Protein chains: 2
Amino acid sequence: MKHVKISNNVIRRLPRYLRRLDELAVAGVERISSKELGEKMRLTSSQIRQDFSCFGEFGQQGYGYNVLGLRAEIASILGMDRNFTMVVVGVGNIGRALLESFCFEQYGFKLMGAFDIRPDVVGKTINGVEILHADGLEELIKAEQVDAAVLCVQKASAKRTANSLLSYGIKSIWNFTNVELELDEEDIVVEDIHFSDSLLSMSYYLAESIDQESIRAEKAKRLNKKVAVKKQQ
Amino acid sequence: MKHVKISNNVIRRLPRYLRRLDELAVAGVERISSKELGEKMRLTSSQIRQDFSCFGEFGQQGYGYNVLGLRAEIASILGMDRNFTMVVVGVGNIGRALLESFCFEQYGFKLMGAFDIRPDVVGKTINGVEILHADGLEELIKAEQVDAAVLCVQKASAKRTANSLLSYGIKSIWNFTNVELELDEEDIVVEDIHFSDSLLSMSYYLAESIDQESIRAEKAKRLNKKVAVKKQQ
DNA sequence: TAGATTGTTAATCGATTAACAATC
DNA sequence: TAGATTGTTAATCGATTAACAATC
């Protein structure tokens, strides 16, 4: 597969396609055209065909795409069949929530362990996973060549912990700490989940939506007045 | 303020600017140029000046930007001073984690209540917030004109709950359910936090990074062989 | 075969970067 | 004043959309 550099925008759409195709599969749909899929996802059919064509030819003229086949291709592109391994580092509120309800396996990640340093947490078991002391992180990561870490420690120790993880050989960090990690290493993959950034973007659009609504209301009011005046005449 | 339509890319960068300016303020930095800020954030100075100029003239030639002043402008653009109100709907693992550790007030959102329907959850108090029965949602939202809801219910009830919230007058949904809501209403603001999408994007880049690493290793190996052969000659 | 729909090339649109006059 | 740095216009780059020949 000759990979010209794929744009980030395309990559970010792939998981959405996957989700949609899963829904279609559950609903028993066997094939779908780029036109139909585009209507469902509010994308143009052109964009969908362009996106897929970055990776190969998954469709068939006059027919469209086979739902299960396409789903499998995308899953493979995303690396879901690579048996990546992962550890959870920091079992506070968010770490615990992920352990309790996030299905790592479903996305191709095998959970190898969860770690913390607080005595009231270490030793407990959550959803079948025993919380170990972080002293054991280095050994596990090196022994099992763990690929990725979910970073859920407190802000204050985020950068330090991240750098330790790198030095143990972790290749990728899923970062829930709301800290910009700024790591020295070049080829480390960091994926941030910044709750606050998401909320603030929403806040902007909410403010805009309210402003536009009141502009509309204002216009309608003035229009009504005019109508009223006309009626009086 | 004459708002030409601001692109989504710009909006998504604003919270990052805010975070960075907060860090600078804490570090006691008073002024910063677009050049310096750009280096810190890995953006071009051009882009930074373009971004800000969408909203007004916040800098001063020959000087740069005042950190606190710029911070305040961005906070205001994001609507952080609008006293938005919010409810948490669904207090499972993720809802609880947010109640326990997410600082809504810091981002300008006032938490008006948390709701669930499960008898083992309703009546409990988390971080000073009493969990109420969802039967009370309609009354509270209408009485207090609540602006936004954090949607943390289970997948199966996500769409139904979202539609109820809309019918009660909610204007915005922060969606943690990992379901594409597809609401009928036009002017509702939805902001998704899709953990799985984020993880799968990371998975793609991790796979790519591993592949590239092994290509590099392969090349180095072949090079070494050549060198060894030369040395033998 | 006729109709449908792909994969791909070309055209358009929008976002980023570069350049520079204005000015603090 | 001289140096620095903005805000903005123009140039470039990249992403999306449109069009269409290929083909199932």
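Residue numbers begin at 1 in each chain, while the letters A, B, ... track the order of the sequences. Only a predicted model underlies this, so the values are computations on that prediction, with no experimental measurement involved.
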For this session: Determine whether the side chains of A:D187 and B:S209 contain a donor N or O and an acceptor N or O closer than 3.5 Å.
Result: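 Judged by distance alone, the side chains do not pair up.
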Exercise. Looking only at side chains, do A:T177 and A:N175 share a donor and an acceptor under 3.5 Å apart?
Worked result: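 Yes, A:N175 and A:T177 have a side-chain donor paired with an acceptor closer than 3.5 Å.
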Separation of [N] [atom2] from [X] [atom1] (nearest whole Å):
X: B:I11; N: C:dA15; atom1: CD1; atom2: P; value: 11 Å
X: B:I6; N: C:dG14; atom1: CD1; atom2: C1'; value: 14 Å
X: A:D51; N: D:dA18; atom1: CG; atom2: C1'; value: 16 Å
X: A:I48; N: C:dG7; atom1: CD1; atom2: P; value: 12 Å
X: B:F58; N: D:dT6; atom1: CZ; atom2: C1'; value: 13 Å
X: A:E73; N: C:dG7; atom1: CD; atom2: C1'; value: 15 Å
X: A:Q60; N: C:dG7; atom1: CD; atom2: P; value: 9 Å

Problem set entry | Any A:Y205 side-chain heavy atom under 4.5 Å of A:I210 side chain |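 No, side chains not in contact.
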Problem set entry | A:R31 to A:Y65 six-membered ring, cation-pi geometry met (6.0 Å, 45°) |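 Not satisfied by the 6.0 Å and 45° rule.
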Exercise. What about A:Q50, does its side chain sit under 3.5 Å from the base of C:dT9 through a donor-acceptor pair?
Worked result: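 Side chain to base: pair found, below 3.5 Å.
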Does the pair [X]/[Y] count as a salt bridge with the N-to-O cut at 4.0 Å?
X: A:D211; Y: B:R82; value: yes
X: B:K110; Y: B:E105; value: no
X: B:R71; Y: B:D22; value: yes
X: A:K171; Y: B:E208; value: no

Exercise. When you measure from every atom of DNA chain C, which of residues 30-47 of chain B have a heavy atom less than 4.0 Å away?
Worked result: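 Within residues 30-47 of chain B, the residues near DNA chain C are B:T44, B:S46, B:Q47.
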Exercise. What is the distance from atom SG of A:C152 to atom CG of A:L99, rounded to the nearest 0.5 Å?
Worked result: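 Rounded to the nearest 0.5 Å, the SG-CG separation comes to 8.0 Å.
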Exercise. Which dot-bracket notation, 5' to 3', represents the base pairing of DNA chain C when pairs are defined as Watson-Crick or G-U with both distances under 3.5 Å, crossing pairs as [ ], and inter-strand pairs as |?
Worked result: ..||||||||||||||||||||||
For this session: Give me the one residue out of A:L183, A:V150, A:V189 that meets side-chain contact (heavy atoms from CB on, under 4.5 Å) with A:I173.
Result: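 Of all the options given, the one that passes is A:L183.
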Problem set entry | Nearest to side-chain heavy atoms of A:N9, which nucleotide of D:dT16, C:dT8, D:dT8 |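 Within the option list, the nearest is D:dT16.
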For this session: Look at the side-chain N and O atoms of B:Y65 and state whether any lies under 4.0 Å from the OP1 or OP2 oxygen of D:dG7.
Result: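 Answer is yes, contact under 4.0 Å.
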For this session: Kindly indicate, with the supporting measurements, whether the criterion side chain to side chain contact (heavy atoms under 4.5 Å, CB included) is fulfilled by B:F109 and A:M202.
Result: CA-CA 11 Å; B:F109 283 80; A:M202 181 176 98; 4.3 Å; yes
Polar pairs (N or O, both sides) under 3.5 Å between protein and nucleotides 20-23 of chain C?
none

